[in-house]
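Counting from 1, the numbers follow the sequence of the chain as shown.
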Amino acid sequence: MTPRHPRLTSPPIAPPPSAEWVEGQGGVRLFVSVTLPSASPVAVVVFVLGPEITTRPPYPRLQAALTAAEFATFSLHPRGTGYSDGLRGDLADYSLFLADQHLGLATAVRRFGPLPTFLFGHS
């Protein structure tokens, strides 16, 4: 069966000019988004995003409430999702997807140091 639509290897819209990136296994560029409160953050919430993440910011109302409460938020789009490189929705090697998640957490911990870190995700 021939696919009706071409398989996308990049997001349908370009990332914002202020995009931050980390390099995943195999040289894949992974998009990182950080939201900081107006004062020094008291903690950080890391959004653990699944394989169906789009380019829209995740949980905008929760993110706004967290920022107002002086929490920083951090998210990484795993390969093939959101703004990151990779074939859209193709998880041929799930271990690479999990490695992206681990890299995201390690990046957040390095960036925010000793702050309490909370993981948020759902399915």
Side-chain angles (χ1 to χ4, degrees):
M1 181 171 154
T2 304
R4 294 180 184 195
H5 302 286
R7 297 177 76 186
L8 298 177
T9 59
S10 60
I13 62 172
S18 61
E20 292 184 45
W21 305 93
V22 295
E23 186 174 325
Q25 290 183 26
V28 173
R29 287 182 330 145
L30 303 173
F31 175 81
V32 170
S33 176
V34 177
T35 303
L36 297 171
S38 57
S40 294
V42 297
V44 60
V45 174
V46 176
F47 292 118
V48 181
L49 305 175
E52 295 182 4
I53 186 66
T54 65
T55 53
R56 291 187 312 264
Y59 316 106
R61 291 189 336 204
L62 174 59
Q63 196 168 32
L66 289 167
T67 303
E70 304 302 330
F71 284 73
T73 63
F74 178 96
S75 61
L76 176 136
H77 294 181
R79 65 189 62 229
T81 69
Y83 289 119
S84 292
D85 292 345
L87 192 57
R88 307 288 99 187
D90 189 345
L91 296 177
D93 187 346
Y94 194 68
S95 67
L96 292 174
F97 186 84
L98 290 177
D100 294 347
Q101 299 288 9
H102 287 278
L103 176 62
L105 179 57
T107 301
V109 167
R110 271 194 312 278
R111 183 166 186 158
F112 293 101
L115 287 179
T117 302
F118 301 92
L119 301 179
F120 176 83
H122 78 284
S123 66

- Side-chain contact test, heavy atoms from C-beta onward, threshold under 4.5 Å: evaluate it for Tyr83 versus Ser33 and give yes or no. no
- Message: Suppose the criterion is salt bridge (charged side-chain N to carboxylate O under 4.0 Å, His left out): which pairs have a residue in residues 98-110, not counting sequence neighbours?
- Response: Arg79-Asp100
Please report, to 0.1 Å, the donor-acceptor pairs under 3.5 Å made by any side chain of residues 92-99, with sequence neighbours excluded.
{"from": "Asp93", "atom 1": "OD1", "to": "Ser95", "atom 2": "N", "distance (Å)": "3.1"}
{"from": "Asp93", "atom 1": "OD1", "to": "Ser95", "atom 2": "OG", "distance (Å)": "2.5"}

- Query: Could you state the interatomic distance from OG (Ser10) to CZ (Arg88), rounded to the nearest 0.5 Å?
  - Reply: 6.5 Å
- Query: Got a sec, which residues hit side chain to side chain contact (heavy atoms under 4.5 Å, CB included) with Ala43, two or more places apart in sequence or on another chain?
  - Reply: Phe71, Pro116, Phe118
- Query: What heavy-atom pair brings Pro78 and Gln101 nearest, and what distance separates the two atoms?
  - Reply: CG-NE2, 3.5 Å
Side-chain donor-acceptor pairs of residues 52-68 under 3.5 Å, sequence neighbours excluded:
{"from": "Thr54", "atom 1": "OG1", "to": "Arg56", "atom 2": "N", "distance (Å)": "3.2"}
{"from": "Tyr59", "atom 1": "OH", "to": "His122", "atom 2": "ND1", "distance (Å)": "2.8"}
{"from": "Gln63", "atom 1": "NE2", "to": "Thr35", "atom 2": "OG1", "distance (Å)": "3.1"}
{"from": "Gln63", "atom 1": "NE2", "to": "Thr73", "atom 2": "OG1", "distance (Å)": "2.8"}
{"from": "Thr67", "atom 1": "OG1", "to": "Gln63", "atom 2": "O", "distance (Å)": "2.9"}

- Remaining members of hydrophobic cluster (4.5 Å side-chain criterion), Leu30: Val22, Val28, Val32, Val34, Leu36, Val44, Val46, Val48, Phe74, Leu76, Leu103, Leu105, Val109, Phe112, Leu115, Leu119
- Task: Using modelled atom types only, decide if a donor and an acceptor are shared between the side chain of Ser84 and the backbone of His77 within a distance under 3.5 Å.
- Result: yes
- Query: Considering all heavy atoms of both residues, which atom of Ala19 and which atom of Phe31 are nearest to each other, and what is their separation?
  - Reply: CB-CE1, 3.7 Å
- Which pairs with one or both residues in residues 16-30 pass salt bridge (charged side-chain N to carboxylate O under 4.0 Å, His left out), sequence neighbours excluded? Glu20-Arg111, Arg29-Asp85
